[in-house]
Every structure is written in C-alpha cells, then in structure tokens.
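Presented below is the structure to which this report refers.
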Amino acid sequence: MEKLFKLQQNGTSVRTELVAGLTTFMTMAYIIALNPNLLTNFAVGTPLWNGVFLATCIASAIGTICMAFLANKPFVMAPGMGLNSFFAVVAGNVVAITGMEYTNAFQACLCIILIEGIVFLALSVLNIREKIVDAIPVGVRFGIGPAIGLMLMNIGLGSNVGIYAEGNGFAAPFYVMRDFFGALTPSVIKGAMGDAGYSTMILTVATMFIGLFVIILLAKKGIKAAVLLGMLVASVIYWAGEAIFFHVNPFASLATASFLPPFADMVSTTLFKFDFAGFLQLGWFTAITLIITFCMIDMFDTIGTLVGTASRAGMTDKDGNMPKMKEALLSDAVGTVAGAMTGTSTVTTFVESASGVEAGGRTGLTALTAAFMFLACMFIAPIAAIIPAAATSAALIYVGILMLQGLKNIDFEDIDQIVPVFIMLLAMPISGSIGHGIGLAMICYTVIKVFSGKAKEVSALTYIISVLFLVKFFAVV
C-alpha cells in the first residue's frame, strides 16, 4: 500500500484511508437506489431498474478505481445528481417526440453520454480540460470550496431529509430548514403531514442534530473516524426510534431482500445498448445541443468538486491548482464512458468526497475502499439502503461548515473577487449545480473587468467560457 499510494508522504495510514473510504461511501450510498429510481421514473423491480442499479455500482467503481491508481486522490465518483434528472427529462421528451418505448428512449440517450465521455477523454488527453481549470480566476477558484460547503449544508438541511407526506388534500415533500424551522407553525405542519409524517420529521431532526454534535465532539477530541462514528450513532438512534415509537422493524426489508445481482436484466436492457437510430431521430441540432449541455454541466461540476475538495484537503498550491489534475479529469472521463457502456447517466466526482477528506483521506486508497464498497453493493445493496438519511445529513452539514473556512483566502477588499464569489455562494445551493454556480461567477467576473477598464486582465479562454455560459443560460435552456 505504501508503494502504491505513498501513504507516509501524504501523512496518512492504511487505517485512516479505509475509514475515510467507508465514510465517503456511507454519505453517498443513497445514489445506489436513487439513481435507478430517477432514471426509470421509480419503476422499481423492472428489468430496466435492475440494469441501471448494476450499472450505477459498476460504473462508479470503475471511475473511482481509475481515480485511485491514475491520480492517487481520495475522490469518489458516481452518476451525478442533477445530471441524472436531466437525463430522465430528456428521455421522457424523446418518448413524446418519437413515440418509442421508454426503454428504447433510454438507450437512445445513452448515445449522448457515450459521445460526451469520448469528448472528455480527448479533451483530457490533450490537456484542454486542464487549461479550462487555469482559466478560472484565482479568486473564484478559492471561493468554490466554501460554495460547495453551503451546497452540502443545504442538501443536509433540505432535500436529503425531505419526508414525503400526504394528508388533508396535501401531497409534497417537507424539508427541515424550510418547513420544520420555517414560518409554518407545528400545528399547520402536523395538519398537512398527518401524525405519522410529523412524528417522522421530529425523529429525523432530532437524529440529525444528535449525529452532528457527536461528530463535532469526537472531532474536537482529534478522532479521525469522527464522521463515520457520528453517522453510526445517528443510525442507531433512528433505528431505535422507529422501533420504540413507531413499532416498526427498521430491518424488516432485509428479510425479503434479494442479494443476487440481476445481471440478466442488465444484459437485456442497458449493457452496450446504444440505440443510435433512435438518437438520430432527434435531429442534428437537438442532438448537438444536448451533448454540449451535458458536457458543460459535467465539466464544471467535476472541476468545481475537485478544486473545492482538494483545497479543503490542502492539496492545492497558493494559486488553487491541484497536482495531477489531468489524471483526475481523465478518470472522470473514463467513468462517464463506463457509465454509458453499462447503462447510466454521466458519472462525475461526488461532492460527498469531502466527508472522506475530512475523515483523513488523502490518497487513492480512500477511493479504492469506496470503489470496493460499490462493487460489494451489487450483493449487499439492501444493507446500504437501511442507512437513514438523517445520519448522512449530519455528516454533510458538518463537512459543509468546515469547507466555509476557505473564505479566509478571499480578498474581501477586492470587489472584483467578492462579487463573483458571493454570487457563486448563493447560486450553488439554490440551483443545486456546481457548474452553474461557477458559470455565473465567471460571467460576473468578466463583466466587471470589461466595464471597469480591465479587459486585458481577462484571458481569451475566460471570455470563451463566459460566452458559452451566457448562451447556455439564455439560449439553449
């Protein structure tokens, strides 16, 4: 392990890396079931759902293994949130336009992901993606980490612990910060959610904050596994609450769960199932527009995650550059191609990797551990599925708070820096897209420089990226 990952040089150990890898995996294990749910419109148990489920595990493992050995970085990959929802919307539109079955439309859209991955491979090999990273202004680069931190906190306090409730003619998800700590009174929430939904929300909020404070107290004592232990404590509390107050067996799903991977379904629905004939029915303009849109969102999501998380781990230089950025981007491209071939949407570096970094992960051994867990989940997915959202939310909130420390690197006296950064700080959590947040920051930076007589300080590539985002925001969408 020392020879492969240079553990001593990076100030870590095998034990620390294993704990970090497991921590990252637990914070993002939700993707194993959620990705096939989103991509198949919650058609659980169908051959397509089973195929996407296996593709999620396999493609995530392939991309993450590449990250481990090519870049030796503790970053973990999986089908990106936001991108998978966009993929599902596109597939639904293909059904509406062509009249084909959803499975065929899904296979047609896999062609987009394949082309995107091949384009990324070429851009990575030719160092073009590295040059794009260099085109991001230094101030914006330093602000990416804190912006991702706010995004993580928003996920932890929002959608990650949303509870879908139906009652009194109302059906909607309820979120912790918006609803529980929002303007609604307890009686109004209870009336809308019903007794069961409201009680579940109470248990969720209590569990989340107990987990968060356990993590903080353990971290203050210098325990490297603080995040993982806090998640385990929160999980136990939630399971106990279900059993004691709701008289529900939290492990009941394991009794009827299947632990055999549905490889036959994957072969019949998603494995190398590219429907190029269906893809061409979209027309050249639409097809090219979709490919460019997927490329832009994925590229800046990945760049933002890598730069922000690496900055938090102390892996960047004074200008915010990360060593072996080319290898990390190449791994991301391989993951996307693997995703297309196995049958899932764009595979990208997950922002939840920050939880493993906070647990001490500094090398590819962290990534390799998480990759092994993804492969194991082809057989133990039912076990991963019982980890409560409240436990992972505690970890996301804690890591998000820590990533805000990167704001100290911003020059608050320089208006050219703080305007783009603060726009990005708001844009990322609200839009839910790292790439869109960076895009808005780039546009703001370029406009301020041009109209303040400093146009020559902006590189040609920065201009190009800003224009592309303007087109993406106001023309393509």
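Worth knowing before you read on, the calculation uses all heavy atoms, side chains too, and leaves out hydrogens, waters and symmetry mates.
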Identify each donor-acceptor pair in which a side-chain atom of residues 394-412 lies under 3.5 Å from a protein atom, sequence neighbours left out, and give them as a table.
unit_1, atom_1, unit_2, atom_2, d
Gln405, OE1, Arg312, NH1, 2.8
Lys408, NZ, Gln405, O, 3.4
Asp411, OD1, Glu413, N, 3.1

Got a list of side-chain donor-acceptor pairs under 3.5 Å for residues 111-124, not counting sequence neighbours?
unit_1, atom_1, unit_2, atom_2, d
Glu116, OE1, Thr346, OG1, 2.9
Ser124, OG, Phe120, O, 2.8
Ser124, OG, Arg129, NH1, 3.3

Only pairs under 3.5 Å count here: list side-chain donor-acceptor contacts from residues 377-389, not counting sequence neighbours, and write none if there are none.
none

What pairs of donor and acceptor atoms, side-chain ones from residues 229-237 against any protein atom, are under 3.5 angstrom apart with sequence neighbours left out?
unit_1, atom_1, unit_2, atom_2, d
Ser235, OG, Met231, O, 2.9

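For the atom pair CG (Leu228) and CG (Leu22), the distance works out to 5.0 Å, reported to the nearest 0.5 Å. Rounded to the nearest 0.5 Å, atoms CG (Leu83) and CG (Asn35) are 10.5 Å apart. For the atom pair Met428 CE and Leu440 CG, the distance stands at 10.0 Å (nearest 0.5 Å). How far CZ of Arg15 is from CG of Leu7: 14.0 Å, rounded to the nearest 0.5 Å. For the atom pair OG of Ser311 and CG of Leu306, the computed distance is 12.0 Å after rounding to the nearest 0.5 Å. Rounded to the nearest 0.5 angstrom, Cys109 SG and Leu290 CG are separated by 7.5 Å.
Every side chain to side chain donor-acceptor pair (under 3.5 Å) that Asn127 has, sequence neighbours left out, goes to Lys326. Annotation: salt bridge (Lys or Arg N to Asp or Glu O under 4.0 Å) contacts of Glu2 (sequence neighbours excluded): none. Residues forming a side chain to side chain donor-acceptor pair (under 3.5 Å) with Thr349 (at least two apart in sequence, or on another chain): none. The salt bridge (Lys or Arg N to Asp or Glu O under 4.0 Å) search around Lys131 returns none, not counting sequence neighbours. In this view, Tyr463 satisfies the ring-ring contact (aromatic ring centres under 6.0 Å, His included) rule with no residue, not counting sequence neighbours. In this structure, the salt bridge (Lys or Arg N to Asp or Glu O under 4.0 Å) partners of Lys449, at least two apart in sequence or on a different chain, are Asp416, Glu457. With sequence neighbours excluded, the residues satisfying side chain to side chain donor-acceptor pair (under 3.5 Å) with Thr363 are Glu17.
Other residues, nucleotides and ligands contribute at most 12 non-hydrogen atoms within 6.0 Å of the CZ atom of Phe372.
Formation of a donor-acceptor pair under 3.5 Å by the Thr369 side chain with backbone atoms of Gly21 is not found in this model. A donor-acceptor distance shorter than 3.5 angstrom exists from the side chain of Asn10 to the backbone of Lys6, with no hydrogens or angles considered. Looking at Thr462, its side chain never comes within 3.5 Å of a backbone N or O of Val458 through a donor-acceptor pair. A distance-only check finds a donor-acceptor pair linking the side chain of Asn72 to the backbone of Gly364 [under 3.5 Å]. Remark: side-chain polar atoms of Asn84 are not paired, donor with acceptor, to backbone N or O of Leu39 under 3.5 angstrom. Under a 3.5 Å cut-off, the side chain of Thr344 and the backbone N or O of Thr56 do not form any donor-acceptor pair. Here the side chain of Thr366 pairs no donor or acceptor atom with the backbone of Ala20 at under 3.5 angstrom. Between the Thr336 side chain and the Asp332 main chain, a donor and an acceptor come within less than 3.5 Å of each other. Ser355 places a side-chain N or O within donor-acceptor distance of the main-chain N or O of Glu352, the cut-off being under 3.5 Å.
Taking 4.5 Å as the limit, some side-chain heavy atom of Met208 sits within range of a side-chain heavy atom of Leu157. Contact check for Thr309 versus Phe75: side-chain heavy atoms found under the 4.5 Å cut-off. Side-chain contact between Thr204 and Tyr238 is present, with at least one heavy-atom pair separated by less than 4.5 Å. Between Ile136 and Ile303, the closest side-chain pair of non-hydrogen atoms falls below 4.5 Å. In this structure the side chain of Pro137 never reaches within 4.5 angstrom of the side chain of Pro420, judged on heavy atoms. Counting heavy atoms from C-beta outward, Met299 and Met296 have side chains that stay 4.5 Å or more apart. Inter-residue side-chain proximity for Val90 and Phe86 is flagged as met; some heavy-atom pair is nearer than 4.5 Å. No side-chain heavy atom of Cys444 sits less than 4.5 Å from a side-chain heavy atom of Met424.
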Evaluate Phe279 against Phe274 for ring-ring contact (aromatic ring centres under 6.0 Å, His included), listing each step before the verdict.
CA-CA 9 Å; Phe279 173 62; Phe274 299 112; over 10 Å; no
Test Val307 against Met325 for side-chain contact (heavy atoms from CB on, under 4.5 Å), laying out the working first.
CA-CA 9 Å; Val307 171; Met325 176 63 82; 3.8 Å; yes
Determine, step by step, whether Ile443 and Phe473 satisfy the side-chain contact (heavy atoms from CB on, under 4.5 Å) criterion, reporting the C-alpha distance in whole Å, the side-chain angles of both residues, the deciding distance to 0.1 Å, and the verdict.
CA-CA 11 Å; Ile443 292 170; Phe473 288 138; 3.9 Å; yes
Could you go step by step and tell me if Met77 and Ser60 meet the side-chain contact (heavy atoms from CB on, under 4.5 Å) rule?
CA-CA 5 Å; Met77 283 184 278; Ser60 300; 5.9 Å; no
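When each of Ile65, Thr64, Ile58 is tested with Ile62 by the rule side-chain contact (heavy atoms from CB on, under 4.5 Å), just one qualifies, namely Ile58.
Across every non-hydrogen atom of Pro429 and Asn154, the tightest pair is O-ND2, 2.9 Å. For Val357 against Pro74, the heavy-atom pair with the smallest separation is CG2-CG, 4.0 Å. Of all heavy-atom pairs between Gly143 and Pro146, the closest is O-CD, 3.3 Å. Here the closest non-hydrogen pair linking Leu365 and Met1 is CD1-SD, 3.8 Å. Heavy atoms only, all atoms of each residue included: Ala59 and Gly339 are closest at CB-CA, 3.5 Å. Nearest heavy atom pair, residue Ile32 against residue Cys57, reads CG2-SG, 4.1 Å.
Checked against the 6.0 Å centroid threshold, His436 and Phe300 do not count as a close aromatic pair.
In this structure, Phe374 and Phe25 have perpendicular ring planes: the angle between them is above 60°, well past the 30° mark. Taking the six-membered ring where the residue is Trp, Phe106 and Phe87 present perpendicular rings, their angle passing 60° and hence far from 30°.
Between the side chains of Thr16 and Ser13, at least one donor N or O sits under 3.5 Å from an acceptor N or O. At a cut-off of 3.5 Å, with distance as the only test, a side-chain donor of Thr302 or Asp298 sits close to an acceptor on the other residue.
The salt bridge (Lys or Arg N to Asp or Glu O under 4.0 Å) analysis of residues 60-73, with sequence neighbours excluded, yields no pairs.
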